[in-house]
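One structure is given here, and the rest of the page talks about it.
Just so it is clear, the model here is predicted, and its values are computed rather than measured. By convention here, the first residue in the shown sequence is residue 1.
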Amino acid sequence: MRTSTSNKLGWALSGLAILFLGTDAGAKIVVPALMAAYTPPQLKIPTDPDFYRLLGTILAFSTALYAVPRTAVLGALLVTAYLGGAVATHLAAGSPLLSSTLFGVYLGLAVWGGLWLREPRLRTLLPLRD
């Protein structure tokens, strides 16, 4: 795959992940009570709006780091940690596996896949093998 093509594909995939994560973070910061109201009780997440603001702030910070090329790897690591907590929460609550529980895994694959496609040094560090 040509470098410019992989770079464009990587930014497209990263852009979708950034859009989704940014929207989720923004909603948690701007309308935390609404986010709390629509959270299924079986997830056992506190309904305190300040808790949602904190989650949103953590996600916004991690996503912003991911969006900046110079700090993208650190951002991807932080986003992955955040998504791991989401997967664990859904797993503990008995949420549907393929839709809710593994959604964080799918999003993490988009984050790392986009970064892998747009960052040649990462492709050198983690090459695909035949």
Side-chain angles (χ1 to χ4, degrees):
M1 184 181 304
R2 289 185 44 226
T3 303
S4 72
T5 303
S6 70
N7 193 38
K8 288 175 186 172
L9 273 170
W11 273 110
L13 193 54
S14 292
L16 289 172
I18 291 164
L19 180 66
F20 180 83
L21 294 166
T23 300
D24 186 47
K28 284 177 171 63
I29 293 168
V30 176
V31 287
L34 184 65
M35 296 297 287
Y38 282 98
T39 299
Q42 65 267 26
L43 294 182
K44 298 181 180 163
I45 296 175
T47 57
D48 178 19
D50 288 337
F51 181 79
Y52 279 83
R53 278 191 201 93
L54 179 59
L55 281 178
T57 301
I58 292 167
L59 183 56
F61 178 73
S62 301
T63 303
L65 286 173
Y66 175 67
V68 176
R70 190 172 186 91
T71 57
V73 172
L74 175 59
L77 288 169
L78 294 174
V79 166
T80 303
Y82 181 91
L83 294 173
V87 169
T89 299
H90 279 282
L91 191 60
S95 297
L97 182 65
L98 294 177
S99 57
S100 301
T101 302
L102 291 179
F103 186 78
V105 173
Y106 307 145
L107 196 50
L109 287 170
V111 165
W112 282 100
L115 186 57
W116 188 86
L117 286 168
R118 66 185 166 105
E119 181 53 61
R121 293 175 296 176
L122 190 56
R123 287 195 301 274
T124 302
L125 183 64
L126 302 170
L128 291 180
R129 305 239 188 245
D130 292 328

Counting N and O atoms only, with roles assigned by atom type, does the side chain of [X] sit under 3.5 Å from a partner on the main chain of [Y], one being a donor and the other an acceptor?
{"X": "Y106", "Y": "L98", "value": "yes"}
{"X": "T47", "Y": "A36", "value": "no"}
{"X": "T101", "Y": "P96", "value": "yes"}
{"X": "T63", "Y": "I18", "value": "no"}
{"X": "Y66", "Y": "V111", "value": "yes"}

Drop me the distance from [X]'s [atom1] to [Y]'s [atom2], to the nearest 0.5 angstrom.
{"X": "Q42", "Y": "T89", "atom1": "CD", "atom2": "OG1", "answer": "12.0 Å"}
{"X": "L83", "Y": "L59", "atom1": "CG", "atom2": "CG", "answer": "7.5 Å"}
{"X": "L13", "Y": "L115", "atom1": "CG", "atom2": "CG", "answer": "10.0 Å"}
{"X": "R123", "Y": "L128", "atom1": "CZ", "atom2": "CG", "answer": "10.0 Å"}

Task: Contact check, side chains of Y52 and T39, non-hydrogen atoms, under 4.5 Å - done: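 Touching, per the 4.5 Å side-chain cut-off.
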Open item on the list: Contact between Y82 and S62 at the side-chain level, heavy atoms closer than 4.5 Å - yes or no?
Closed with: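 Of all side-chain heavy-atom pairs linking S62 with Y82, none is under 4.5 Å.
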Would a single hydrophobic cluster contain both [Y] and [X], if residues Ile, Leu, Val, Met, Phe, Trp and Tyr are joined by side-chain heavy-atom contacts under 4.5 Å?
{"X": "L54", "Y": "V79", "value": "yes"}
{"X": "L109", "Y": "L102", "value": "yes"}
{"X": "I29", "Y": "L78", "value": "no"}
{"X": "L126", "Y": "V105", "value": "yes"}
{"X": "L55", "Y": "L65", "value": "no"}

TODO: Using the side-chain contact (heavy atoms from CB on, under 4.5 Å) rule, take M35 and D24 through it: C-alpha gap first, then chi angles, then the decisive distance, then the call.
DONE: CA-CA 9 Å; M35 296 297 287; D24 186 47; 3.6 Å; yes
Open item on the list: Tell me if the aromatic rings of F103 and F20 count as close, with their centers under 6.0 Å from one another.
Closed with: yes
Which atoms form the tightest heavy-atom contact between [X] and [Y], and what is the distance?
{"X": "T80", "Y": "W112", "value": "OG1-NE1, 2.7 Å"}
{"X": "S100", "Y": "H90", "value": "CB-ND1, 3.8 Å"}
{"X": "G56", "Y": "A25", "value": "O-CB, 3.5 Å"}
{"X": "W11", "Y": "A67", "value": "CH2-O, 3.7 Å"}
{"X": "R118", "Y": "S14", "value": "NE-OG, 2.9 Å"}

TODO: Test S95 against L43 for side-chain contact (heavy atoms from CB on, under 4.5 Å), laying out the working first.
DONE: CA-CA 8 Å; S95 297; L43 294 182; 3.9 Å; yes
Task: side chain to side chain contact (heavy atoms under 4.5 Å, CB included) involving A92 - partner list, sequence neighbours excluded - done: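 A92: no side chain to side chain contact (heavy atoms under 4.5 Å, CB included) contacts found.
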Task: More than 12 heavy atoms of other groups within 6.0 Å of F61 CZ - done: no
